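Here the structure is a predicted model, which means the values were calculated and not measured. Each chain gets a letter, A, B and so on, in the order the sequences are listed, and its residues count up from 1.
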Amino acid sequence: MRLVEGLNPKQKEAVLQTEGPVLILAGAGSGKTRVLTHRIAYLIQEKNILPWKILAITFTNKAAKEMRERVDQLVGKGAEEIWVSTFHSACVKILRRDIDKIGYNRYFTIYDTGDQKSLIKECLKELNYNEKNYPVSYVLGEISNQKNELVSASDYEKNSAGDFRKEKLANIYKLYQKKLESNNALDFDDIIFKTVELFIYHPEVLEYYQNRFEYIMVDEYQDTNTAQYKLVKLLASKHHNLCVVGDDDQSIYGWRGANIRNILDFEKDFKNAKVIKLEQNYRSTKVILDAANAVIKNNFGRKSKALWTENEQGDLIDVRETDNEHDEAEFVANEIVKQIEEEGREYKDFAVLYRTNAQSRVLEEHFIKHAIPYRLLGGVRFYERKEIKDLLGYLRVIQNPSDDLSLKRIINVPKRGIGDTTIGKVEAFASDYDMSFFDAIRDVEIVSQFGRSASKLKKFADLIGVFQVEAQAGSVMELVENILERTGYLKELENENTEESKERIQNIKELISKAADYDQNAEEPSLEGFLEEVSLVADIDNYNEANNAVVLMTLHSAKGLEFPYVFITGLEEGIFPSYMSVVSENEDAVEEERRLCYVGITRARQKLYLCYAKSRMLRGLTQYNRCSRFISELPKDLISIGNKVKKAVDPLAGIRSRNKVLHTYTPYQGAVSKADNSSSENTPLEFECGDLVKHIKFGVGTVEDIRYAGADYEVTVTFPKFGSKKLMARLAKLKLVQ
DNA sequence: CAGAGACTCGAGGAG
DNA sequence: CGAGTCTCTG
């Protein structure tokens, strides 16, 4: 049979075992995506299962898209009818049909973390609780944990009786939930929770989906939380054809409610479950795999599993100590340049991984200096930028006028003379009459009591009304353009005419093109569809491996990806493993960090670099951390201690404060000599102090100072937005602006 | 009511 | 160190 050709015996077994509960324990790089896609193809082609009877849940939209494409290649027609999606998008789809049965309407808004925080702040204010005693992020975490465990606000209230603090938290939870409901909004956790609720209170809805999904597959099962577990269990309880794929050693989302017991207890929860282990790794060298195994074996309570490979031995792991984070970044940059020049690699072969997003900054600086193209994942997400959130705020209000939170965000953006006082008054009215903010400002009698502000409020309400009509026409792009135009939002930014406003305009253009893209490619384009897509997109969904650039991301984001060369930076006690996990002395927390390390190591195909710095600047303070325990868990024969990257006797010491540019000793001739050779070294620069120069990333700035620095010139440039920067003129490709 | 400037306070990972 | 908040002034 063509479909199982080229699969190993275990993989074959996993493809053929289509009936009943199946647990596939798939080690890193063991070809599980291959197994899953072939399994789906097998169901359709050999078992004649209709594609729309199959549900496949993946962790990201990107993985879903890939899976669909690969099944498409295998079976040709029909693959588009399979439900392949993430938990969240599958649930939103289900809720759009039937959420009116549980007290919302189908035009509900999805709130992101920022919206949640604003809402919690409103709750604290209303309840007169102090943010010091009930920090927003803590409260949010607590509520999220409850929802992940399917504990409703009233359940929580019952459980909290007698516990003063818990009673207060229960009050916040209750009010928060009430506000979500009146705004016709769901937070991320609600998307799962409400779907489970819908299924439980409306068995006929559940039955419909149970009948429909004869075959269910769930990827990354180790990262499911209790709510997701319940959802899967409900859906599968009729046909019992549930296949879950996961690796307990890669469970890294405990902090957001993932329950590792879901995978460890699968055999108990689903009777007669078949367990198949995929242990042959096709991705990494022996050295890399041995290192991964050596680290992870320090964890207890794992499912027994021994990953092996027929791949070659490979290079030793390069363990590198530097004095500080700048030297670390410099080492990474130089090493990339060296590998590209000497080994003919490409930028896209490299990934640099770190524990926290804050670590990316220094790496970026040095990549820019070396003119290394890079893609940064994480940090401030595109859809969380102010200008984007403002525009989305308009779209949300147009779509869901009950969304008071979004309405309050945009009612005075751009400035139209509706200040906090007026907003407060309207709010008081709205709550007295138990109506939404928008309904209140549309009510002539109410508005007429606002004197000077009345006409402004009316004008705003009319504006939204017009947009609502236009939204019916269908094109999201046109709607966005109309908003920009008629609110004067774009004009305001254009008038500012600063680097910052220009960047905002760029982002807005990006949003317009995303909307245009959506209009063209969506099956049934609609405003709600666009907002949904925007809310559920993850950073990683936009990662495109065809793009020839080094990729920078957190270890968490790297899950599921692979690269020929991988750098893991910041391997220091207190950074990785994180401070939180170390001080808590909670062995579970450290074990999760270790699993994260295992995930990081197993991303590498050919060569792995582990870096740590003796000192590191954090929150403006220099910290001195010991080398990470994970490095000491590596067998000595697998690692080569790289030449320590020493600093030069620096002729400019004392003049420079940051961005140490030169090392007299680098183990090779890096980019410096390249620039040196390609341009005759005594050519004077094309600009001098006071000139305007352009930089790829920082834009246009003024040259303040030029210093001769060996092969190149160190130039101090002040950029309007980024401030003063010291750059190597040729490396940073500074160009004179005429 | 808007804007600028001082200010504090906080800090992990993500859909 | 920097974002977000608060306060003060025009």
Side-chain angles (χ1 to χ4, degrees), chain A residues 57-64 85-92 110-118 121 131-132 135-138 140-141 144 147-148 186-192 220 223-225 227-228 251-258 325 353-362 377-381 383-384 386 412-424 452-453 456 532-541 553-559 570 574-584 589 592-593 595-596 599-600 616-623 658 722-723:
Chain A
I57 307 269
T58 57
F59 198 69
T60 62
N61 294 300
K62 182 176 184 283
S85 63
T86 62
F87 270 107
H88 288 91
S89 40
C91 287
V92 168
I110 299 166
Y111 278 177
D112 66 20
T113 315
D115 304 318
Q116 290 180 282
K117 283 186 177 162
S118 311
K121 277 184 192 167
E131 254 187 62
K132 289 228 166 56
V136 174
S137 57
Y138 168 78
L140 212 49
S144 177
K147 289 185 177 181
N148 288 333
L186 304 186
D187 63 22
F188 285 120
D189 303 312
D190 276 344
I191 292 174
I192 315 291
E220 307 284 8
D223 289 325
T224 52
N225 60 37
Q228 292 164 330
S251 164
I252 54 174
Y253 284 100
W255 53 274
R256 62 179 216 210
E325 72 275 21
L353 310 180
Y354 37 79
R355 181 64 180 80
T356 65
N357 280 309
Q359 288 165 250
S360 69
R361 210 189 186 95
V362 177
L377 273 79
V380 181
R381 292 174 63 231
Y383 292 107
E384 279 164 16
K386 184 188 176 298
N412 203 27
V413 178
K415 302 274 173 287
R416 42 174 80 88
I418 306 174
D420 292 343
T421 319
T422 310
I423 292 174
R452 269 192 312 157
S453 305
K456 293 171 182 164
E532 176 186 325
E533 199 169 292
V534 160
S535 310
L536 298 182
V537 71
D539 263 323
I540 201 78
D541 295 332
M553 65 180 131
T554 62
L555 287 141
H556 281 89
S557 303
K559 192 174 75 157
I575 304 287
F576 188 27
S578 76
Y579 175 74
M580 306 279 198
S581 68
V582 175
V583 291
S584 70
E592 182 152 313
E593 298 283 313
R595 290 192 292 270
L596 189 58
V599 167
R616 184 176 296 272
M617 177 91 91
L618 221 73
R619 309 176 229 165
L621 293 170
T622 304
Q623 290 193 354
R658 259 158 55 91
F722 297 89

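A:T60 comes within 4.0 angstrom of no nucleic acid atom, judged by non-hydrogen atoms across all strands.
For B:dG12, its base never sits under 3.5 Å from the side chain of A:N357 at any donor and acceptor pair. A donor and an acceptor atom never sit less than 3.5 Å apart when one is taken from the side chain of A:T86 and the other from the base of B:dG15.
Nucleotides B:dG12 and C:dT5, compared at atom C1', are 23 Å apart to the nearest Å. Rounded to whole Å, the separation between the P atoms of B:dG13 and C:dG4 comes to 15 Å.
Each of A:G417 and A:S144 has a nearest nucleotide on DNA chain B; the 5'-most of these lies closest to A:G417.
Nucleotide B:dG13 holds its P atom 16 Å from the CZ atom of A:F188, rounded to whole Å. Note: CG (A:D223) to P (B:dG15) measures 12 Å, nearest angstrom.
Relative to the side chain of A:N412, the nucleotides B:dA2, B:dG15, B:dA11 differ in distance, and B:dA2 lies closest.
In this structure, A:Y253 and A:F59 have tilted ring planes: the angle between them lies in the 30° to 60° band.
OP1 or OP2 of B:dA14 has at least one side-chain nitrogen or oxygen of A:S557 nearer than 4.0 Å. Note on A:T422: a side-chain N or O is less than 4.0 Å away from OP1 or OP2 of B:dC1.
Between A:W255 and B:dG13, a base-stacking contact is recorded: ring centres under 5.5 Å apart, planes less than 30° from parallel.
Nearest heavy-atom pair across A:T86 and A:S89 is OG1-OG, 2.8 Å.
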